[in-house]
Participant: 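Sending over a structure as structure tokens; questions will come in a sec.
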Number of protein chains: 2
Amino acid sequence: MRFRLGEYVPYLLSRAGVSLATNVSRELDAFGVSLPMWRVMAALLDEGEQRLGDLARLTAIELSTLSRIAAAMEARNLVTRRRSGQDARAVIIALTPEGRAKTESIVPRAMDWESMAVAGMTEDEVRVLKGLLQRLYGNVAGPEPLPGPERD
Amino acid sequence: MRFRLGEYVPYLLSRAGVSLATNVSRELDAFGVSLPMWRVMAALLDEGEQRLGDLARLTAIELSTLSRIAAAMEARNLVTRRRSGQDARAVIIALTPEGRAKTESIVPRAMDWESMAVAGMTEDEVRVLKGLLQRLYGNVAGPEPLPGPERD
DNA sequence: TATTGTTATACTCTATAACTATA
DNA sequence: TATAGTTATAGAGTATAACAATA
């Protein structure tokens with residue numbers, strides 16, 4: 001059984017993701033935010049204010065890393081951090097007006113990055129790609145480490 | 001225009017890639033190799049010995065990082081480094097017999113990781129996913145930074 | 001001069017664990 | 001006791017640039 005790198009899904013996924021992330025990071029320099037910061041901003045713009053832990057899951061950023069990123073973003077007036085009223089242990093992260101404005105200024109470029117990534121694909125192919133990536137994530141996400149090759 | 005995180009390809013790609021990579025890294029601990037090392041080993045197993053620069057492109061690992069990884073792998077007898085005969089500037093990286101044996105011992109588990117990632121997908125869907133990821137990579141790879149939203 | 005790698009630096013993210021505050 | 005975050009530390013990858021050897 002030969003191992004075919006060019007047909008191996010984890011490789012194809014990683015390679016595409018790394019290359020796209022590298023390009024996007026470079027573009028984000030012009031906006032003065034890092035890629036993880038942009039992910040946080042995009043998540044907050046779409047989903048509204050979030051508990052830090054939920055934001056970590058949403059962005060796939062490790063919690064302690066996100067804690068520091070959130071602190072840096074607060075220092076730059078992009079987000080606020082406040083204790084939850086319901087659960088005083090939880091911290092709610094929310095976009096400031098400045099953060100929202102900056103995020104909205106990036107969104108049009110972000111759409112360009114997506115267009116570039118899927119250039120040459122039909123709308124239907126893009127839809128299929130999104131669906132498959134969502135399903136793949138569902139298979140590999142979650143607290144369970146790695147159940148096994150089949151999940152049924 | 002609302003920004004839909006759950007429909008945004010770069011996000012879906014990153015989220016899936018990060019989650020899968022985290023799982024795979026954890027599994028690779030048992031083999032005593034890091035994820036970047038496994039990528040290098042898999043590339044060498046499939047494509048044969050490579051110049052360092054080609055290996056960097058193949059694995060999407062930054063060149064200076066790969067240089068250090070290759071040194072570490074050489075120290076562990078997984079690969080050899082030798083100067084190319086045709087171009088004495090170039091360094092050829094090749095699997096040692098031990099490196100090859102270790103790589104081949106990982107391959108079956110690697111196939112499991114892929115199976116887990118695509119669980120629930122038909123063979124046809126997997127084929128489509130691979131094709132789309134390859135095309136996406138083609139759109140975002142290359143020396144050109146970011147040409148624009150359309151490439152025609 | 002340009003290219004291939006190596007090395008060094010500064011920065012960032014991850015993994016882990018210890019710790020605080022709250023539930 | 002368990003959970004939500006914070007903080008500290010060690011390890012590793014990235015970006016960048018300076019450098020050596022070769023083309």
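Note: hydrogens, waters and symmetry copies are ignored here, and every other heavy atom, side chains too, is used. Throughout, protein chains are lettered first and strands after them, A, B, ... in sequence-line order, and every chain is numbered starting at 1.
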Participant: What N/O pairs connect the protein and nucleotides 16-21 of chain D at under 3.5 Å? Give each pair on its own line.
Facilitator:
from, atom 1, to, atom 2, distance (Å)
D:dT16, O4, B:S64, OG, 3.2

Participant: Rounded to whole Å, please give me the gap between CG in A:L28 and C1' in D:dT14.
Facilitator: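 Distance check: A:L28 CG to D:dT14 C1' gives 15 Å.
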Participant: Whether B:D46 and A:R4 form a salt bridge (side-chain N of Lys/Arg under 4.0 Å from carboxylate O of Asp/Glu) is what I want to check.
Facilitator: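 Salt bridge: no.
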Participant: On DNA chain D, check which nucleotide each of A:V18 and A:R51 is closest to and give me the residue with the more 5' one.
Facilitator: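 Between the two, 5'-proximity favours A:R51.
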Participant: Give the rounded distance in Å between these two atoms: CG of B:D87 and P of C:dA2.
Facilitator: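 Checked: the CG to P distance equals 17 Å.
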Participant: Measure the distance from CG on B:L63 to C1' on D:dG13 and round it to the nearest whole Å.
Facilitator: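 So the CG-C1' distance, B:L63 to D:dG13, works out to 13 Å.
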Participant: Hey, does A:R68 reach any base, or is it just sugar-phosphate, or nothing, if we go heavy atoms under 4.0 Å?
Facilitator: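 Result for A:R68 = base.
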Participant: Which whole-number value in Å describes the distance from B:R57 CZ to D:dT14 P?
Facilitator: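 So the CZ-P distance, B:R57 to D:dT14, works out to 15 Å.
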Participant: Rounded to the nearest 0.5 Å, what separation is found between the OG atom of A:S14 and the CG atom of B:L35?
Facilitator: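 That separation rounds to 7.0 Å.
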Participant: Over how many whole Å does the gap from A:R82 atom CZ to D:dA4 atom C1' extend?
Facilitator: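 Those two atoms, CZ and C1', are 16 Å apart.
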Participant: Whole-Å distance between D:dA4 P and A:Q86 CD?
Facilitator: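 After rounding, the reported distance stands at 14 Å.
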Participant: Name the residue closer to the 5' end of DNA chain C, choosing between B:T22 and A:G85 according to the nucleotide with the nearest heavy atom.
Facilitator: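 Nearest-nucleotide comparison on DNA chain C picks B:T22.
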Participant: Any side-chain N or O of B:R83 less than 4.0 Å from the OP1 or OP2 oxygen of C:dT4?
Facilitator: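 No.
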Participant: Considering only NZ, NE, NH1 and NH2 on the basic side and carboxylate oxygens on the acidic side, decide whether B:D29 and B:R26 come within less than 4.0 Å.
Facilitator: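 A salt bridge is absent here (no side-chain N lies under 4.0 Å from a carboxylate O).
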Participant: Do the charged groups of A:E74 and A:R82 touch, with an N to O distance under 4.0 Å?
Facilitator: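 No, this pair does not count.
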Participant: Can you measure A:L52 atom CG to C:dT22 atom C1' for me and round it to whole angstrom units?
Facilitator: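 It works out to 16 Å between those atoms.
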Participant: I'd like to know if A:E98 pairs up with A:K102 as an ion pair, taking the criterion as any Lys NZ or Arg NE/NH1/NH2 lying under 4.0 Å from an Asp or Glu carboxylate oxygen.
Facilitator: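 No, A:E98 and A:K102 are not salt-bridged.
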Participant: Are B:I61 and B:V18 grouped together when hydrophobic residues (ILVMFWY) are joined by side-chain heavy atoms under 4.5 angstrom apart?
Facilitator: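 No, B:I61 does not connect to B:V18 through the hydrophobic network.
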Participant: Centres of the B:W113 and A:Y11 rings: under 6.0 Å?
Facilitator: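 Between A:Y11 and B:W113, which both carry aromatic rings, the centre distance is not below 6.0 Å.
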Participant: Looking at C:dG5, I'd like to know if its phosphate oxygens (OP1 or OP2) sit under 4.0 Å from a side-chain N or O belonging to B:S67.
Facilitator: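 No, no such contact exists.
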Participant: Whole-Å distance between C:dT6 C1' and B:I93 CD1?
Facilitator: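 Whole-Å distance recorded here is 12 Å.
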Participant: Please pick, from C:dC13, D:dT6, D:dT14, the nucleotide with the shortest atom-to-atom distance to any side-chain atom of A:V91.
Facilitator: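 Among the listed nucleotides, the one closest to the side chain of A:V91 is D:dT6.
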